[in-house]
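One structure is given here, and the rest of the page talks about it.
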Amino acid sequence: MLGKLLSCFSSIHVGLQVGYLISILLEKGIPKLLEQTSRRFPKRNLKSFEVEDRISALPDDLLVRILLFVPTKYAVLTMILSKRWRSIWKMVPELNYLEMINDDTNKVIIGGLLGRLLERFFGRSDQRRQWLLRFIDESLQAHKAPVLESLLIEVDTGRQVDVDVGNWIKKAVHRRVRELGFILRWSAEPTRLPNNLYTCDTLVSLGLSNKVLVDVPSLACLPSLKNLQLDSVVYKDEDSLARLFLSCPLLKKLIVERHHQDNVKVFNIKAPLLVFLSYHYVELKPHDEGIEGSLVIDSPALKKIFITDHSRDSYSIANEPRLEKANINFLFYPDYRFRTSLSSLMCVEFVLSYATVCSALFSFIIFIFFIGIVITYLRFYLCVVVFIAAWFSTIGYSHLMECKIILVHDLDWLQPLMMLLQNSPNLKVLLIDKTFLQLAEELPLSWNQPSSVPGCLSTHLEIFEWREYEGRNEEREFINYIFANSECLKRAGFSLKSTSNHKDRKKMKDLESMYRVSASSQLLFSTHVEYMSVSDELRA
């Protein structure tokens, strides 16, 4: 009912009247707005809705809980409904200003005469930014909840930087904030945050993004912090990064997205209770910089790891954590100790590409190129196969139950996959995905039937799926082998790489004609296995 009422209100009072409301907000502040509202919108207008107002009769605590499900911009606007609503929104313990600068709400709110006047002095985007900044300031000043559970702010001021982020943070810390998130997008230098942020004893979740300078003082202490997200920020130095992790003794979930100008060469993650790590570093360094860094992980409690790293950095892991889930997408080939830490995995997603498996050959190839020796593409391709095999054959995955292979480039991957199956005796789910295949060239595939059947086929494999199945001869032989030896198979699912209806029907009939040793298994032309996601893991 509240949503319908606000919707009706928005549709009726646009143009000059809404422009008038916001002009009061900008010029006089929220208290003046409350005074002017009753004059501008007399009660007879609301009576025309002929809706029985049962919501206003509810207790304040219940109304506050209702407003928790309403976006902050609408929660604040409820103040104009009646005297009963003027102070309700002020007690809402969560304020979310994310993505307000680009949504349709501001296009309606900054309309009418006010909008046309401001356009003469500012661009339309500057107009919205100015409104948003005043809106955040005024609503934070009027807010009265004794404890601020959550404050999330996104600001895009373009070139003009007149935002007092430090004041917002001080107010949040004073209100004993538990969740704090700042996304600062502008072209100026990164902003240093106030020191009291790093001594907030109530903070449980912290997210910092873009133009933020992480400058952690020596006395930093975040005793309650369990969730930390650092997205494309800049660090004062490596010592500041180390102090940040040292100040978070209870840190359990960490999300990092880096860029090559973040001022850190050795990214050292030392967090004894860390359970989940997502590390994303895909912005390649310019070739002339010649900077090679490293990722060092010292987190013995680590269980889940998502790594996408296309830099030239090296990787090392200490204390041999018992990893359970992983998504692996490397550019450079990790050392043996890092690879052996994956042996305890129960669920893994491997992203296979030229970059993933042959980057260890990079320096050698460059050297050969400069002395004028030509290496044929086929020879390079064969080297790739060797490195895929090293990934899958040198490690025993005795705990692995679910494996997903995502192919980004057309590689000779069937034989290495059989090595992985030989080393994964308890595998129950196998997914092959060629959906993301780039520049498929149908290079040669190798397939030789193994001398012994992998144990997982005869005793454990229950689900086998293939996305973007093409039906090449070697692929057909591989599937024939899987069907003929998977005694526990319950479901086989395929999505076809569509070429024509006739060819698709031919592929389907071919799959249906293959012998399956598991008579009770189903053959489906759809896939159902889902990928792991960072957001799902954070909600877990």
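This chain uses plain numbering: 1 for the first residue, then up along the sequence. Keep in mind it's a predicted model, so treat the numbers as computed, not measured.
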Residue [X] excluded, over 12 heavy atoms near [atom1] under 6.0 Å:
X: R516; atom1: CZ; result: yes
X: M514; atom1: CE; result: yes
X: M346; atom1: CE; result: no
X: H502; atom1: NE2; result: no
X: E512; atom1: CD; result: yes

Take V70 and V92 through the test side-chain contact (heavy atoms from CB on, under 4.5 Å) and record every step on the way to the result. CA-CA 10 Å; V70 178; V92 175; over 6 Å; no
Run the numbers on M532 and K304 for side-chain contact (heavy atoms from CB on, under 4.5 Å), then give the verdict. CA-CA 10 Å; M532 297 182 289; K304 302 172 184 178; over 6 Å; no
Side chain of [X], backbone of [Y]: donor and acceptor closer than 3.5 Å?
X: D309; Y: S311; value: yes
X: H460; Y: P425; value: yes
X: S247; Y: L244; value: yes
X: S240; Y: V216; value: yes
X: E487; Y: V517; value: no
X: S344; Y: L323; value: yes
X: D313; Y: G293; value: yes
X: T191; Y: V212; value: no

Indicate whether the side chain of [X] and that of [Y] have a donor and an acceptor atom separated by less than 3.5 Å.
X: N268; Y: D298; result: no
X: H280; Y: S278; result: no
X: E179; Y: S205; result: no

Note: E402-K404 ion pair, threshold 4.0 Å (strictly below):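 Here E402 pairs with K404 in a salt bridge, since their nearest N and O are under 4.0 Å apart.
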Carboxylate-amine/guanidinium proximity below 4.0 Å for K265 and E238: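 No salt bridge links K265 with E238.
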Nearest 0.5 Å, what's the [atom1]-[atom2] distance between [X] and [Y]?
X: I479; Y: R476; atom1: CD1; atom2: CZ; result: 8.5 Å
X: L461; Y: N426; atom1: CG; atom2: CG; result: 11.5 Å
X: N210; Y: R185; atom1: CG; atom2: CZ; result: 4.5 Å
X: I317; Y: I305; atom1: CD1; atom2: CD1; result: 5.5 Å
X: L457; Y: M418; atom1: CG; atom2: CE; result: 6.0 Å
X: L67; Y: T72; atom1: CG; atom2: OG1; result: 9.5 Å

Y279: what forms a ring pair (Phe, Tyr, Trp, His ring centres under 6.0 Å) with it, not counting sequence neighbours?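 Only F267 meet the ring pair (Phe, Tyr, Trp, His ring centres under 6.0 Å) criterion with Y279.
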Between Y531 and F436, what is the ring plane arrangement, given parallel below 30°, perpendicular above 60°, and tilted in between?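 Geometry flag for F436 against Y531: tilted rings.
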Give me the ring orientation class for F494 and F525: parallel if the planes are under 30° apart, tilted from 30 to 60°, perpendicular past 60°.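 Aromatic pair F494/F525 classed tilted.
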Please give me the minimum heavy-atom distance between [X] and [Y], naming the atom from each residue.
X: I269; Y: F245; value: CA-CE1, 4.1 Å
X: L496; Y: M508; value: CD1-CG, 3.5 Å
X: S521; Y: S518; value: OG-O, 2.7 Å
X: Y481; Y: S452; value: OH-O, 3.8 Å
X: V453; Y: N485; value: CG2-OD1, 3.4 Å
X: V296; Y: V266; value: CG2-CG1, 4.1 Å

Apply side-chain contact (heavy atoms from CB on, under 4.5 Å) to the pair C403 and L427, showing each step before the final yes or no. CA-CA 8 Å; C403 179; L427 189 68; 3.8 Å; yes
Not counting sequence neighbours, list each pair that qualifies as a salt bridge (charged side-chain N to carboxylate O under 4.0 Å, His left out) and has a residue in residues 419-436.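 Every pair satisfying salt bridge (charged side-chain N to carboxylate O under 4.0 Å, His left out) with a residue in residues 419-436: D433-R467, K434-E470, K434-E475.
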Partners passing side-chain hydrogen bond (donor to acceptor under 3.5 Å, both in side chains) against D504 (at least two apart in sequence or in another chain):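 In terms of side-chain hydrogen bond (donor to acceptor under 3.5 Å, both in side chains), with neighbours along the sequence ignored, D504 is linked to S498.
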Given the rule in the side-chain contact (heavy atoms from CB on, under 4.5 Å) test, do Y281 and I307 qualify, once you have shown the distances and angles that lead to the verdict? CA-CA 8 Å; Y281 192 6; I307 292 189; over 6 Å; no
